[in-house]
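Because the structure is predicted, anything quoted here is derived from the model rather than measured. Quick note: numbers below take in every heavy atom, side chains included, and nothing from hydrogens, waters or symmetry partners.
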Amino acid sequence: MSDPIDRDAPSGNPTEQMLSYWINLVDTLLTTRVNESLAEHGLTRAQWHLMNTLTARPQTTEELRQSLAPAAATTEEGPRTVEEHLDELVESGWLVAEGGMYTLTSTGRTSGERVAAVVEELRAEITEGFNDSEYQMVVQALKTMARNLGWEHA
């Protein structure tokens, strides 16, 4: 039985793997690095998304649930529902819930700005060696592939 890593390689050489291999590898590495970086700041990826959404304006649980829906497929340890994520952020003092609306606290804004700087550094590291045109070409190619495979959110 052959090694599953090499089964798609035209020549058996891992550097000549098929597209699916590279997409899965990059996704795994990217997800791991982002999750580790956010965890160092006491956040899950979903919580980071919720905080970013709240930088624009206070929102209800339902609005936040809808904003998280496209990213909800990401599996992570910890809370599974929007309410559980929000409860943790409230307990941390990063959000306040009043009248059915969630709002970032000043601590939440300050912490969010610090984490945003870390995330931006990580993005720069991940895309090192790409100029803007190359980066946009990669993103556009992946969007096109997603649409070709039935993704309708584009």
- prompt: Do Val118 and Leu122 have side-chain heavy atoms sitting under 4.5 Å apart?
  reply: no
Here the pair of heavy atoms bringing Tyr135 nearest to Phe130 is N-CD2, 3.9 Å
Closest non-hydrogen atoms of Thr55 and Asn52, given as atom of the first, atom of the second and distance, are OG1-O, 2.6 Å
One should read off an interatomic distance between Leu68 CG and Arg45 CZ, to the nearest 0.5 angstrom, of 11.5 Å
Heavy-atom side-chain contact between Glu98 and Thr103 under 4.5 Å
no
dist Leu54:CG -> Met101:CE (nearest 0.5 Å) comes out at 9.0 Å
### Task
Check whether any side-chain heavy atom of Leu38 sits under 4.5 Å from a side-chain heavy atom of Val119, and report yes or no.
yes
| Does some side-chain heavy atom of Leu86 sit less than 4.5 Å from a side-chain heavy atom of Val82? | yes
**Asked** Does a side-chain heavy-atom distance below 4.5 Å link Met51 with His49?
**Response** no
Quick check: are there more than 12 heavy atoms from other residues, nucleotides or ligands sitting under 6.0 Å from CG of Asn131?
-> yes
- Message: Are Leu104 and Leu89 packed together at the side-chain level, in the sense that at least one heavy-atom pair is separated by less than 4.5 angstrom?
- Response: no
Side chains of residues 108-116: which donor-acceptor pairs under 3.5 Å do they make with residues two or more places apart or in other chains?
from   : atom 1 : to     : atom 2 : distance (Å)
Thr110 : OG1    : Ser106 : O      : 3.0
Ser111 : OG     : Thr107 : O      : 2.9
Ser111 : OG     : Arg114 : NH2    : 3.3

Take Arg123 and Glu128, measure what salt bridge (Lys or Arg N to Asp or Glu O under 4.0 Å) needs, and give me the verdict at the end.
-> CA-CA 8 Å; Arg123 283 184 185 141; Glu128 185 178 341; over 6 Å; no
* To do: Keeping the roles fixed (side chain from Thr60, backbone from Glu63), state whether a donor-acceptor pair exists under 3.5 Å.
  => yes
Hydrogens and angles aside, do Glu84 and Thr81 bring a side-chain donor and acceptor to less than 3.5 Å of each other? yes
OG (Ser37) and CG (Leu43) are apart, to the nearest 0.5 Å, by 9.5 Å
Using the side chain to side chain contact (heavy atoms under 4.5 Å, CB included) rule, take Glu134 and Thr127 through it: C-alpha gap first, then chi angles, then the decisive distance, then the call. CA-CA 10 Å; Glu134 291 169 326; Thr127 60; over 6 Å; no
Tell me whether Arg147 is salt-bridged to Glu152, with the criterion being a basic N under 4.0 Å from an acidic carboxylate O.
no
When rounded to the nearest 0.5 Å, the distance separating CG of Leu142 from CE of Met137 is 11.0 Å
Hits for salt bridge (Lys or Arg N to Asp or Glu O under 4.0 Å) against Glu40, two or more places apart or cross-chain, chain-then-number order -> none
Do Val90 and Val96 make a side-chain contact, defined as non-hydrogen atoms from C-beta onward lying under 4.5 Å apart? no
Q.
Are Met18 and Val138 linked, directly or through intermediate hydrophobic residues, by side-chain heavy-atom contacts shorter than 4.5 Å (ILVMFWY only)?
A. no
With sequence neighbours left out, the residues meeting side chain to side chain contact (heavy atoms under 4.5 Å, CB included) with Leu19 are Ile23, Met145
Query raised in the report: When you measure from the side chain of Ser67 to the backbone N and O of Leu64, does any donor-acceptor pair fall under 3.5 Å?
Result: yes
Would you say the side-chain atoms of Gln136 and Gln140 include a donor-acceptor pair closer than 3.5 Å?
no
Any Leu50 side-chain heavy atom under 4.5 Å of Tyr102 side chain:
no
